[in-house]
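Read through the structure below, which is laid out as structure tokens, and then see the notes.
Being a predicted model, the structure only gives us computed values, none of them experimental. Chain identifiers are assigned alphabetically (A, B, ...) following the order of the sequence lines, protein sequences preceding nucleic acid strands; residue numbering begins at 1 within each chain.
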2 protein chains.
Amino acid sequence: MDAAPRHDTGIRRRSYGGLTEMSGFLLSLAQAHVYAADSANPQIADPGTAQISVLAVIRANPGIRHGELADMLLIKLAYLTKLLKGFEAQGWVHRRSNPSDRRTVELTLTREGEAAVDRLLPALRAQDARRQSGLTPREMAQLKRLLCKYLDIPASATTASGDDAAGSG
Amino acid sequence: MDAAPRHDTGIRRRSYGGLTEMSGFLLSLAQAHVYAADSANPQIADPGTAQISVLAVIRANPGIRHGELADMLLIKLAYLTKLLKGFEAQGWVHRRSNPSDRRTVELTLTREGEAAVDRLLPALRAQDARRQSGLTPREMAQLKRLLCKYLDIPASATTASGDDAAGSG
DNA sequence: CCCCGATCGTTTCCATGTAAATTTTCTGGC
DNA sequence: GCCAGAAAATTTACATGGAAACGATCGGGG
């Protein structure tokens, strides 16, 4: 992992030149850190974290539309279309045209898709839990709370897994 | 006039399906949020935030090598090579071969490169300052502190505002 | 010296994600 | 019914960034 400097001409203190005062820079760096760790985990690298997120949201919101999904995950419809094509080819997602508005498509997971989420999401959770860096559990909780507020999303909207309208149709 | 949904079948509470419990997901979302805002700012969208970061670090560390730079910014050497080629074409960066180790290259900014940083970095800072979301200044400072600790980098040695009294609770 | 392994930078190819334009459908005014 | 405008999804072209393989150089052992 860490190798000693082989021909170092002296300790050189490298500086970020003030970049670390900017939240945007720190978030980019943190996200890169997460990406590196996630893509090194073969359990979740295959579909990728972005794809797992899409599947998880579809499962939590059966019948969701493309636009809502893109809006929640801050990705563009164009890219979502590509992802969903892949998912359909995999047999994980079903697209049903909405008869009351034929522009829209309602997304649901197939049986196989649910099985995939059951396999992938725990692996992703485990990966995330393993990544507690140097933060204490309390600091990690604080970080999550601040990020939720930053993003203007409920801090733990789904912790209680509200089974609203589950399987009612 | 209200832009009310015209044919909504009812208020649908969309859920993230437990994703918001994961720090990695929140960081991805936050970074996407930042990216969207930054790329909408014509003052900094032209070279892009990643490029500005590279220039800022070269300026803060004249003579830095490719590998050190990639290591600090958590990007790969392969991509850094592309960026530096662009910078050289722009006349912003100078590469000097190190005579004591001819594999390595020492990077410095040209006069024009320094001018570019002088123009771009303040714009980036302003963009960042403008993005205080729903967080209070105190919460934003706390977020930065936690991210620095998360990344294991010194927490803004040059922070202008005083240290907070929050402590580590 | 020459070979061999390690390190540094580059090149090539590929995955990820966006922007702009297009298609289809819904809504409202005539 | 028909046309104009808005909204939802798709397609096409492109930018951003990584993975793997490569060439060049250093350093140590025969």
Side-chain angles (χ1 to χ4, degrees), chain A residues 1-9 28-29 31-40 42 44-54 63-71 73-86 88 93 95-107, chain B residues 1-9 28-29 31-40 42 45-54 64-71 73-86 88 93 95-107:
Chain A
M1 307 303 184
D2 358 335
R6 281 137 322 273
H7 56 270
D8 199 344
T9 59
S28 292
L29 224 52
Q31 209 274 333
H33 194 72
V34 168
Y35 177 83
D38 284 1
S39 58
I44 57 180
D46 174 23
T49 58
Q51 282 83 340
I52 298 174
S53 300
V54 171
I64 193 172
R65 287 188 296 101
H66 290 207
E68 294 177 295
L69 200 44
D71 210 43
L73 295 175
L74 296 182
I75 58 180
K76 300 302 176 197
L77 278 172
Y79 182 51
L80 192 58
T81 295
K82 289 188 208 176
L83 292 182
L84 290 171
K85 270 211 278 200
E88 234 187 349
V93 165
R95 295 151 105 169
R96 186 181 17 162
S97 190
N98 181 346
S100 76
D101 185 345
R102 289 189 7 246
R103 293 171 303 179
T104 68
V105 177
E106 296 178 351
L107 299 167
Chain B
M1 301 308 269
D2 251 7
R6 287 156 308 289
H7 55 270
D8 200 344
T9 59
S28 291
L29 224 51
Q31 209 274 331
H33 192 73
V34 169
Y35 177 81
D38 284 1
S39 57
D46 174 24
T49 58
Q51 282 84 340
I52 298 174
S53 300
V54 170
I64 193 171
R65 287 189 296 102
H66 290 207
E68 295 176 295
L69 199 44
D71 210 44
L73 295 175
L74 296 181
I75 59 180
K76 300 303 175 195
L77 278 172
Y79 182 51
L80 192 58
T81 295
K82 291 186 208 176
L83 293 182
L84 290 171
K85 269 211 279 200
E88 234 187 350
V93 165
R95 295 152 105 170
R96 186 181 16 161
S97 191
N98 182 346
S100 75
D101 184 346
R102 282 174 29 233
R103 295 171 301 179
T104 67
V105 177
E106 295 179 353
L107 299 167

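Regarding B/D71, its CG atom lies at a distance of 15 Å from the C1' atom of C/dG9, rounded to whole Å. Whole-Å rounding puts the B/L77 CG to D/dC22 C1' distance at 14 Å. Taking atom CG of residue A/L69 and atom C1' of nucleotide D/dT10, one finds them 16 Å apart after rounding to whole Å. Straight-line distance from the CZ atom of B/R103 to the P atom of C/dA6: 13 Å, rounded to whole Å. For the pair B/R102 CZ and C/dT7 C1', the computed distance is 15 Å after rounding to whole Å. The distance from atom CD1 of B/I64 to atom C1' of C/dC8 is 14 Å, rounded to the nearest whole Å. In this structure, A/L29 atom CG and D/dG17 atom P are separated by 13 Å, rounded to whole Å. The separation between B/N98 atom CG and D/dT25 atom P is 13 Å, rounded to whole Å.
We find the CG-CD distance between B/L73 and B/E68 to be 11.5 Å, quoted to the nearest 0.5 Å. Note that CG of A/L74 is 11.5 Å distant from OG of A/S53, once rounded to the nearest 0.5 Å.
The side-chain heavy atoms of A/R96 and A/V105, taken from C-beta on, include no pair separated by under 4.5 Å. Taking 4.5 Å as the limit, every side-chain heavy atom of B/E106 sits out of range of all side-chain heavy atoms of B/I64.
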Protein within reach of the bases, or only the backbone? For nucleotides 14-20 of chain C, mark each nucleotide 5' to 3' as B, S or -, using heavy atoms under 4.0 Å. --SBBB-
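Residues meeting the side chain to side chain contact (heavy atoms under 4.5 Å, CB included) test with B/S28, sequence neighbours left out: A/Q31. Under the salt bridge (Lys or Arg N to Asp or Glu O under 4.0 Å) criterion, A/R102 pairs with no residue at all, not counting sequence neighbours.
Listed candidates were D/dT10, C/dT25, C/dG9. Nearest to the side chain of B/R95 is C/dG9.
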